Each structure stands twice: as C-alpha cells, then as structure tokens.
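Okay, structure first, notes after.
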Amino acid sequence: MTAVPRLLDGSRSRVCRPRPSTPLKRNPWGFCGSGWLHSIRRQPAGFPERVRMRPLSPCISISATPSTSTSMVHFPWSPPPRIWARNVATCWANIGAVSTSPAAKPVQKVLLLDFIPSPPFGLAQLYPCESSAVILKRLMLRVRFAPSPTGYLHIGSARTFIFNWLYARRNGGTMILRIDDTDVERNTQESLDSIYEGLQWLDLSWDEFYRQSERGELHRKAAESIFAKGLAYRDFRTFTFEDLDLSKVDVHAKFNPEMREMPKVESDLRAAAGEPFVLRFRVPRESRTDVTFQDMVYGPQSKATADIEDFALLRSSGVPTYHMASCADDADLRISHIIRGQDHLTNTFKHVLIFEALGVTPPNFAHLPLLIAPDGSKLSKRKHGPVVSVTTYRDAGFLPQAFVNFVCLLGWSPKDNREVLSRQELIDAFSLEGINHSNATVNFTEQDPFDPKAVWLNSQHIRAVPVEQLAEQLLPFAAEAGFAADRAKMLQVTPLIHERIQLLRDVKTWADIFFLDPLPPYDSAELIPQKGDAAMAATVLARARQVLGTAEFSHDALDAALRAAAAELKIKTGQMFQPIRVAVCGRKVAPPLFETLEVLGREITLKRIDQALQMLPAPLRTEN
RNA sequence: GGCGCUAUCGUCUAACGGUUAGGACGGAGCCCUCUCAAGGCUCAAAUACGGGUUCGAUUCCCGUUAGCGCUACCA
C-alpha cells in the first residue's frame, strides 16, 4: 500500500504533452460502454494496408469516462480476462504516457486497492499471490524496440524485438515500436518497409508507434534544458571522424578544457555571432568518481567518470545525436525497461547521465548478448548478405513460430531442457534471468545459409501444423516451383510429405511427382532393383502393369495385390516395389509407394510404367 | 592505445561450491522398414591457460590469452 503512491507521485519528469484521446466508436473487444479509448496505436503513413486493418492490439485499454467511478480494463495476455476496476482510468491517465483525457484529473492518491474486482473475473483468480501494487507495476511496464531504418530487418534486430515483445506480453506491459530515423541521409523507405514486412510475417504486434524524426522538437528542448542547467557546454572546435585515430586517441584529450571551461559570456557571444558549435555533455568528474547502474542481465555495472568522454548532445547542425534523442524519447514515453543489444552496454553510462540531467530516474536496463557469424564477426548485411535477413527465412519456407522459437534459444534458455516451444509456451517461460552473458553464433555457411537447428526446429513446427492448414501454406511454394497446384490436390499430397519436409520450399523436391507430367528424364539404371538386373526390372514392371490395370486404387488393396505379385515372382518386396517407385516417381527417394499410387491414380501410374518399360529391354519370358 | 563485457562438446545450451559435467542440433553406427522420412537404441565430442581461496572449484578471487563491444557532429 505504501509502494503505490510512490509510483504515482509524479516524481518522474513530465516532458510529454497530452495527446488527444480518441472517442471510442467500436470497441474491438466486444464489450460495450461509452467512453474513451485511452490507448491508441498510431499508424505511420504509408503503412501496409493489411496491417493497418488488423484489430488494435494494445496492451491495455481502458474504456470509460474518467469521471465515472467504474472503468473497464482489458488485459491482453491470453486468455484475455476482463477485470472490473475502479478509478483505473484516472489512475492510468495520471501515470501513463499513453494519453490524457481532458477530463482526467490528477489523482495523487489513487490506490490500486481501489482495484476491487468483482465476480466472475477476480484478481485473485488471476494472480492469487499478487498485490494490487504488483499489478499496477505490470500495467506500467513499457518496453520499446527502436530500430534505425538503414537496412533490412535482420535476425539480430528481430531477436531484440522478440525479447522485448515476450517481456511485455509475459508481464502485461506495453510494447512500443519507435523508428529511430534521425539520421536522414541513411534512412530509406525500403528499409522501413522491410522492418514492417518482417514484423508482419512474424506476426508480432506493438501497441504504440512513434517516429523519432517527428519528435525533434522534444529532443532539442531536452538538450536545451540540460544546457540551461549548466550540464552541457558549447564546443566550437571542428574535427571530423577521419581526423581521429582510434588506436591512439585518449579520452583525456577529449575533455576539451578550453571549451569546457570557457566563460559563459564568451560562449554566448560566439554563439550569437553565428559560430557553429557542438553541444557537449559536461561529464561530472569533480563531483563524483563513477557512474553505476544495475543491469538486469549483466548485474551491477560501473565506470569511472574519468573514462567517459564529453559526448555530443547536439550536432553543429542543431540535430540531436542518437544518445540525446533516444534518452529524451525514453523519458517522454516512460519506458520502464530498455532491453537492447549488448553493444549499448557501455553507452548506458552516458544514458544514465542524460537521464539524471533530465531529472528523471533512469529506467531499468537489460542488455542482450549479441548474435555473431561463424567467423566471430558481428552479423552485418554488408558482409553476410541476405542470409541474415528475416525475409530470407520467410522465403525459404520457415514458419514464423519456428523462427521465433529458434531465435529465442540464442542467448536464452528455459533451463528445463525444452527446445521446441510454441509462442504461448515462450511467453509463459520467458524471463530476463534466463538470458546468458556470452555472444551466440548463428551457424550458417555459403552453401547452407540456415542454421541446422533452425531447420530442425522448423520441421518440428511443421509437424505440429494441421494438414489442412499446412496444405494452404504450401500452395504459394508450389506455385513458386511452377506446379499447377490447387487446394484439393494439395490436400491429398500434403499428408505424404508432411513429416518429410523441413522447409516449406521442400515441396518443390518432394511433391514434384504429383504435379509434373511427364516426369523429368531419369536414368533407366535406376529402375534395376537391388540384387537384380534389367530383366528383373522389366518383369516386375510388366507384372505390375497387369496388376495395377485391375486393382482397386486404395492403400490396402494395392498393398495386398503388389505383395501377392512379389510372392508370385518369388522376389523380395523391396525388389518388387523399387522398380515401380522409380517408374512412377523417376527416382528412388519418394513418399511411400501405395499412398503415392493412390494419389496419382490408375491412369498416370500405368502411363508412367509404360514409359519405363520402353526404356528397358523387352521383358524375358520368365513364367516357366 | 584506453575502458567495458565474455569464455562448458563443432554449434545452441544445463549444472545452491560436492553430478560418471546433463540435454538438443549436427556427425557415426545399429534396429525397424517398400525407398526416404519418422521412431527406438548406442557411440564420439567440452569446463581456454596459470595461479590462488576451500576438505572439495565448471562455479568464487587474481592474472594471462582470446573474442566481442564502446571509444563519431553513426545508430
């Protein structure tokens, strides 16, 4: 009970401005009631229409007028329970960055003890051991994925999204997608499209959307406020990245004493004269010896202020740097947990300083071990090409759930020896404690672009897909392979290849025999059975032709008839079946024979046997 | 160069300071079987190195080595 007001007392800075709330026209979850939809997912312009039309999937939404005493809250984790709660709307408006209803009054003392559940959906049912304070904390949990659109979505960034997403979904928090597109020159629309495309394929949702380029004003204001507090200074020197020799340069050389200690009058004068400058953070070195924070994965971290250079906040063009923009946004959006790649671990010391300068308590940090290539280098599109792109996996016929499964196992483990996990199982099992500290290698080669474990996981997930659904998913890959496949035919074929394919594109190599006519040419030597000769092959096929001319084309009937024929010819079943298989499939490796014949039908079967017979010398009369 | 992070089979990983160091993928072999796949069984395969602390170290501490990251008016 004491913890809650502390969370609500407004100790965090309120840089954000209220956004207008949207009147609720149609409640996507089917419960009625007039009121306001407090969580709106803003859609970027040029957003793919299909995604745009999907129902909102906000993490929490409250529908009620804040003035009424009863509100309804929707929790997104499944199964979605509905909980009656009181005063949550005002409470949320007060604490959240999502939106502020004009009618919402700041209520300091909103206790979630007011969060009185009424039957049949009691909080006790949901969280038998948890207090309201814990639940409030869950509601306030906000994570973000902040890619910069400078290339396609690759496997590493997808993993970062997924870990954020799992954490939000596991704990009932809010997932935010923020495009960090401040570097105008390097950003491309294609890259943005690729990110959407990848996330859409993976069926990963987010609850709020922002574009950093639209929030420049906020970032600049934040930088100004730091400058106003005397925590930053103007640096009028100019040098380029090329001037720097990283192997020799010493941070101490970048303290810029002459700029750092420049009298304010002089600085103001030169700025007023229009001299360009970079705004640098004045890292406090006198008042403290080190910067510390607690990383939820790597544990306590600390670094001497003497080893942190006076980094830039604003470029000479006035455009905020990444550090500035990112922190200003994280503060404004009330990000509670920053989950990102370990390459930002050392940057975090700077970020902590920025948050403090902004007067904000730094969020929680969790850094993820990096994904690296087999040669130990960081995954990069330039060096490793499309093998690291998410769309490459999609186009090869990975199932999104298998991809997510695979990627989660890189640097994280449920610790109970489970490997094949459904999306829901991942959500249930996910925790930051399970993340380990060392980089993980994605095992790919030139010849084989996919990690064998990813392929195996995919085959496992394929086997879990119902036949009808799999057939449907196979259709585009069949079309890609040039097969004239329709639904009905595919439905017949799918069971035969279901547990033989590892990637959806394998339909091309396994199912061709059902769609191609005539068969691609093959070597007639293939027709000769083990321990047999061409004569035996010819005999077998001639006999098979007779039998199949009359037999009923069902599995059991074919089984009985062909086994009987083998016994009659006094040869092994294998010797009997193999020539038939090759005649019908054009190769030795194929789905089981009787099922195959059944699907192919009498006409095609006989035609293919005839063709095979023509490739062989005339059958010998072996009857007597 | 400085600073930070990391180190278990080929790869992904498990192991309150006490295990014959476990599992999975991949590899090899056997069984099953109309080929393939699946399934069953078996095998090979790891605590980077050197010092401590401890009755006992994969685990804690120090050093070495190696890898990665940051060190930009990139993100």
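Heavy atoms only: backbone and side chains are in, while hydrogens, waters and symmetry mates are out. In the text below, chain A, chain B and the rest are named by the order of the sequence lines, each starting its count at 1. All of these numbers come straight from a predicted model, not from anything done at the bench.
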Between CD1 of A:Ile338 and P of B:rA75 the distance, given in whole Å, is 16 Å
Margin query: Using a heavy-atom cut-off of 4.0 Å across all strands, would you classify A:Leu410 as base, sugar-phosphate, or nothing?
Written below: sugar-phosphate
Rounded to whole Å, the CZ-P distance (A:Phe450 to B:rG26) equals 16 Å
Q) With a 6.0 Å cut-off on ring centres, are A:His384 and A:Phe444 close enough? A) yes
Of A:Gly574 and A:Pro452, the one whose closest nucleotide on RNA chain B sits nearer the 5' end is A:Pro452
A:Trp456 CH2 to B:rA37 P, in whole Å, measures 16 Å
Here the distance between atom P of B:rU13 and atom NZ of A:Lys453, to the nearest Å, is 9 Å
If you measure from the C1' atom in B:rU59 to the same atom in B:rG18, how many Å do you get, rounded? 11 Å
**Item:** Centroid-centroid under 6.0 Å between A:Phe450 and A:Phe398 rings
**Value:** yes
- Query: Side-chain N or O of A:Arg563 less than 4.0 angstrom from OP1 or OP2 on B:rC34?
  - Reply: yes
Under 4.0 Å, counting only non-hydrogen atoms across every strand here, what does A:Pro591 touch: a base, just sugar-phosphate, or nothing? base
From the list A:Asp181, A:Thr182, A:Asp180, side chain to side chain donor-acceptor pair (under 3.5 Å) partner of A:Ser213 resolves to A:Asp181
Can you tell me, in whole Å, how much space there is between the C1' of B:rG56 and that of B:rC16?
-> 15 Å
Rounded to whole Å, the CG-P distance (A:Asn458 to B:rA37) equals 18 Å
**Message:** When the C1' atoms of B:rU64 and B:rA14 are compared, how many Å lie between them, rounded to an integer?
**Reply:** 28 Å
Whichever of A:Lys303 and A:Thr346 has the more 5' nearest nucleotide on RNA chain B, that residue is A:Lys303
note: A:Asp343, atom CG; B:rC5, atom C1'; distance rounded to Å ~ 12 Å
